Each structure stands twice: as structure tokens, then as C-alpha cells.
Visitor: 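I have a structure I would like to understand better, so I am pasting it below and will then ask my questions one at a time.
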Protein chains: 2
Amino acid sequence: MFSLPQLEAFVAVAEELHFGAAAERLNMTQPPLSRQIQMLEKKLGAQLFGRTSRKVELTAAGATLLPRARQILDMCIKTDLDVRRVSSGQAGTITVGYTAIAGHSALPLMLRRAAENMPRVSFVLRELVSTDQMDGLVKGNVDIGLLRPIVARPGVVSRPLMQDRLVVALPEGSSLLGTMAPRNGEPLPLGFLDRLPLLMYSTKEARYFHDLVLRLFASAGAHANITQYASQVPALLAFVQAGLGVTLVPASAMAFAPAGVEFHEIDGRNGVQELNRVELELAWNEETANPAVLRLLELIKPPAGDGIESPGGA
Amino acid sequence: MFSLPQLEAFVAVAEELHFGAAAERLNMTQPPLSRQIQMLEKKLGAQLFGRTSRKVELTAAGATLLPRARQILDMCIKTDLDVRRVSSGQAGTITVGYTAIAGHSALPLMLRRAAENMPRVSFVLRELVSTDQMDGLVKGNVDIGLLRPIVARPGVVSRPLMQDRLVVALPEGSSLLGTMAPRNGEPLPLGFLDRLPLLMYSTKEARYFHDLVLRLFASAGAHANITQYASQVPALLAFVQAGLGVTLVPASAMAFAPAGVEFHEIDGRNGVQELNRVELELAWNEETANPAVLRLLELIKPPAGDGIESPGGA
DNA sequence: ACTCGACAATTCAGTAAGGGTATGGATGTT
DNA sequence: AACATCCATACCCTTACTGAATTGTCGAGT
């Protein structure tokens, strides 16, 4: 098979139709160039140039080779560039796992950031509950996870990305709270939820929320009267909308709540404030060899107040 | 820039994911293969494989390179093949110049022959009068000419391809010949055309026919009463069809004559037979470097009675 | 915990490939 | 007829690739 330098030599001669000029263009002297062309012709078993001491011209075989040689060389250059880009993280593919809520808060922020700084990187998006994301991170199906702080599997590391708080969600105009409850807009002590029908996070897929809600109830001395389980916030909100009970959801879920649901901030007194923190973490496999992932992690690293922060106020 | 052997080495390792096995496939030993891959990685500035002593796996950069490397190598192989084919005349392009009449006789025969024996050769067809073909042969615009024996330009050689004869064409049912003329099907002595309105070949574009017709008339002692000139047979036949006079055309033109024209063989006695020969020649530039042309010339060379011969009976 | 086995990396010596300088030979030019 | 131009050839030298032998390292099996 011919070599790439030979193709370059051929293209130069074919364009200049002059061995001396072509040699100069290739930064070499004329004799080795002549030899390279001869070698190429020998390897191809084809005369590429008709040459006398007076003029050089392409043969039919040479004319056939010229566009193909250009194409091959072009492709080599492009390949070189692409590989460098992927290797340096300027291009590539990142698979992001994210929870339903993160899909409306952290994910768009991250994608916007990435689009600005890593335009050649494409993303594969997978909505997954935190535990499935963790599995994916171990197996390599997922490069970056936007998930709740659950117990990490070996090799997976994480860091806090956003903080949020839970708010009370209940059917609009409901009388569940009783007449003693504060009006709309006033923070609501959790005691008012004592023994009310509670729509709860499942222990398996949403253990983090499950445990958090139980802790909050316990700290307020309220009894959790669980009447339904669901693993995803939108499902819980649908139950609320249907009037089946109350629940606690992250404040960022208010942005995509269905009509017929109203929200109350939770009264933070008596230590509730300190407990009411929902963490969203950024997780990745520490052995990842995907340069685009490493670059993204660097990019998302909070550079003193310029990072992604807690959204949505009361 | 990387080299093609390096790409081959890379593809082998990427497919085997085992340096030893890949080396065997490449008919070399493992150490140089390892170094080739290292060199490739260095040149690309990218880690292509994640390798421990236990397993070898592609990195993101390697996964990017693999399909492109395959594509480049494929293209090189195809290019090699194509150039060889063009060089050996198995593929390529031949521009054929041909006269209007040859387009209905010699050209189809030649094309059929070529299609069977040189299926990868494509043809560019240009209908041209003989003199224009001659110009094209000199300039290189035309590779092969099917033309009348006219004075050859330097560098252009030719050989006889087909022989034909002239026949008389006259308006159907015409009384121009008079009552003494033989009935349809009988050869017609040229004396019957004496002083009849004669539709003639132009001296410039169709000098060969022009001169031939005059010689035939002279040998028969008939006077040529030229009333119209045209350079192409179809135009002359159109005049005949319109009843404007008589003319002489190659017998092979009978195949595409319009309705309203009848033909008579020319009586060959008194030396007319020997004069009434229309030659069609195959011409080419003897310095042609187009291998497909050379191969075609070899193919068309009359191999003892198997060549293209005189068509059309009486 | 230790040894063994598998496998990629390293070292070293021999050889082939590629570039440079000097020169030859053919072809138009003045 | 001497000259200029330009591609081909000859020869030398440096670089780079290959193979054989060896080392280093990681995981599996006992």
C-alpha cells in the first residue's frame, strides 16, 4: 500500500506539474521527490505522470488518483483534529442521568453552561431515579448524575450541586388544615399536618425524600399518616391535585405544578429550618476516561459564587 | 501526521483488544506493535486505549478514531484498486467522436463490444463531422474517432473499420428517372441521373462524400446538376423526401430513412463498382496515454473475420 | 499471603527506508 | 552550437522500524 507522504508528494506534483516547484512546496529537494513518485507508481503498478524533461502531465490513472488522494488526505487531517478534540474534552458525548426535578432546575442550567463553553460536546439525557443513576455510574452507562445524596457505590464520587427546601403541597382551597392554619403566604408549622392523609415517597426509589419527610415530621412532633406511596414528585402532585391528601415537595417543583395545587412554606422554627434541606448532588465515576466529562466537571466547579446555586425563593 | 500502518495497527488492536493477538494478525511481534500505538498516541496527543496488564479498552478518543480509521483504510484500498483498473484499461473514460451515419452503424457495434469486454469503461459520445473529429483528436478532446478517410493531422493515425457503398435516394413514386429506368430492385446505372437535380454534400464539412460523388458521376459520364448543398445525410434525405431531387447516400443510411424516399443500388458495371466504396475509419492519437483507449483499440482490432464488417445488403 | 501466569512495556542490535548532494541526460532556446 | 532547464540516477548518511530477549505489573488460584 502507498503511504500518506507519497500521496502528499503526488498531489503537490499534480498541482504544480513541475517536480522542482513541488519539491520546494514540500520543503524537500527534487531527487527524493522524484523517487517517491516512482515508488508510488511502482506500488500502484500505474504510470501517474507522463513526463519529459520539458513538461509533466497527468495520465488517466493520475487523474483518477488526484481527487481520491485529496479526499484521503483531507479525511486524515479532519480525523486528527477530531481525535484531538475528543481527547481534550472539546468534543465528545456525555450521558447525563437526572431526576425529574433536576430536569427542571439543575439540568437546564448545566446544559446552558456547557453549550456556551463546550459547543462540540453532545449530551445524551436519561431521566432516572437516583439509585438507577448510581447503577449507571458504576456500569459506565451514565457519565454524570444529578441525584440525591444516597449511599455511594465504590468508585463513584459526588459533590453538592444545589440546595433546596421542602414545601407543603395541598389541594387548592382545601379545608384539610382546619381553621387555625395561617393564611396563604404565611409559613406553616408542620404540626398542622399531624394525622392528615400523607402522600409519601417510596422507601426504595426515593428513600432520601422518604427519610427526610419522616425526620421533619418527627422533629415537629407530628404523626405521619401515610395513605399512598409514589416514587416521583409529579405522581405525588397528581394525588394532591385529586384531593387525596398533602405532601412535601422540593420548592423547585412548584415551577411545574399542575393547577389545583397550592404550596406553603414550612415554618422553620424549633430546629425545622436546619433539617429542611434537600441536597442535589453531582456524581461521577472517579475513573472516568471521558475527557469531555472531566472538562465539564472542571467547568461546573463552583468558582466562588459563579456556580449554579439555589433557585426559587418563597 | 499519523501513518497508514499505524492506523492498521490501531484498528487491529481496537478489534482484538489484545496486543498479542493483534500483533499476530498483523504478522509482527508484540513489542513493535506496542510502540506503534504509543507513537500514534503521541502524534495525536491523545490516549487511545486504557490498558492495564489485565485488559485493553478503547477510550473516548479511540472510539472516535476507530470508524474514521476504518474509513480511511477502506478508501485507500478502493483508490488503489481504481487506479490499477484505470491504468490497465479495465476502467476509465473514452470520448468517442462519430459521424451521424456511424452513430447508426459502427458506433452501436463498438459500444456493444466494449460493454461486454470493458464493463467499467464509460463512454462520452460526441456526434461530429470528420474534420471536427480530427481537430478533437489532435487537441485531446476526442479519444477515438469514427470518421471518413480525410487528410490526417500529425499524430493522428487511423485504420479502416467498415466499408459501405453509396445508393441512390429519390422521392418515392417519382418520375424523375423517366420511363427507361429499371424497375424497383434492379441496379440503376448512374447515367439515369444525368442532369437531374442533385442534392450534394458540402465541400467543406463533407468533402469526402462530395469528391466521391463527383468521381462516380464522372466515371459514368453523367453531368452533376447540383441544386442544393448540405453537410449531413439526414438533411439530404429530407430534401429528397420533399421531392427536390436525388442524391447518393451510404447504404447504411437506409436504416433510418424517412418515409417517402426510395433507394436503388447503383449499377456497378464499367468500373463503377470499384469506385463505389465508402470507407469508415477508426482514428486515434498515436500518443494517447489513455489505457482504456489502447485496450479498446486492441479489442476492435479485426481478429480474422471476427471484427466489425460491412453491414446492410441490397 | 504467596506464587504463578498472562500480558504490555522496555532494551538493544540489525536493517530498511527516506532525505540530501552531486551528477547525468534529454530537450528546447538563443 | 553553446546554454538553460528539468527530470532521473548514484551515492552517502541519518532516521526509524523490526525482532529477540527481558522486565514489570496486575490478577487468579492455592
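The chains referred to below are lettered A, B, ... by the order of the sequence lines, with proteins before strands, and numbering in each begins at 1. Source: prediction; values computed, not measured.
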Visitor: Rounded to the nearest 0.5 Å, what separation is found between the CG atom of A:Leu4 and the CG atom of B:Leu4?
Guide: 4.0 Å
Visitor: Find the distance between CG (B:Leu33) and CZ (B:Arg25) and round it off to the nearest 0.5 Å.
Guide: 10.5 Å
Visitor: Only one of B:Asp82, B:Thr79, B:Asp80 passes side chain to side chain donor-acceptor pair (under 3.5 Å) with A:Arg68; say which it is.
Guide: B:Asp82
Visitor: Looking at every heavy atom in both A:Val142 and A:Gly97, which two are closest together, and how far apart are they?
Guide: CG1-N, 3.6 Å
Visitor: Rounded to the nearest 0.5 Å, how far does CG of A:Leu125 lie from CD of A:Glu127?
Guide: 10.0 Å
Visitor: Quick one about B:Ser158 and B:Glu281 (side-chain donor to acceptor, distance below 3.5 Å, no hydrogens or angles considered), yes or no?
Guide: yes
Visitor: Please report the distance, rounded to the nearest Å, between CD in A:Glu41 and P in D:dC7.
Guide: 13 Å
Visitor: Report the distance from atom CZ of A:Phe49 to atom OG1 of A:Thr59, rounding to the nearest 0.5 Å.
Guide: 8.0 Å
Visitor: Examine distances only and state if a side-chain atom of B:Gln6 and a backbone atom of B:Ser3 form a donor-acceptor pair shorter than 3.5 Å.
Guide: yes
Visitor: Please work out which residues in residues 17-26 of chain A have a non-hydrogen atom less than 4.0 Å from an atom of DNA chain D and list them by number.
Guide: A:His18, A:Phe19, A:Gly20
Visitor: Could you tell me the separation between the CZ atom of A:Arg51 and the C1' atom of D:dT9, rounded to a whole number of Å?
Guide: 13 Å
Visitor: Once you round it to whole Å, what is the distance between P of C:dT11 and CD of B:Gln30?
Guide: 14 Å
Visitor: Please determine, by modelled atom types, if B:Ser130 and B:Gln133 share a side-chain donor-acceptor pair under 3.5 angstrom.
Guide: no
Visitor: Rounded to the nearest angstrom, tell me the gap between atom CD in A:Glu16 and atom P in D:dC7.
Guide: 11 Å
Visitor: NZ of B:Lys55 versus P of C:dA8: gap in Å, rounded?
Guide: 13 Å
Visitor: Measure from NZ on B:Lys42 to P on C:dA9 and round the result to the nearest Å.
Guide: 15 Å
Visitor: Dump every N/O contact between nucleotides 27-29 of chain C and the protein below 3.5 Å, one line per pair.
Guide:
residue	atom	partner	partner atom	Å
C:dT27	O4'	A:Ser53	OG	2.8

Visitor: Checking side-chain polar atoms at under 3.5 Å, does B:Ser34 have a donor or acceptor matched by the opposite partner on B:Gln30?
Guide: yes
Visitor: Using whole Å, what does the distance between atom P of nucleotide C:dA9 and atom CG of B:Leu40 come to?
Guide: 13 Å
Visitor: Provide a list of protein-nucleic acid N or O atom pairs under 3.5 angstrom, restricted to nucleotides 12-18 of chain D.
Guide:
residue	atom	partner	partner atom	Å
D:dT18	OP2	B:Gln36	NE2	2.8

Visitor: Between the base of C:dA9 and the side chain of B:Gln38, is there a donor and acceptor pair under 3.5 angstrom?
Guide: no
Visitor: How long is the span from the CZ atom in B:Phe10 to the CG atom in B:Leu58, to the nearest 0.5 Å?
Guide: 5.5 Å
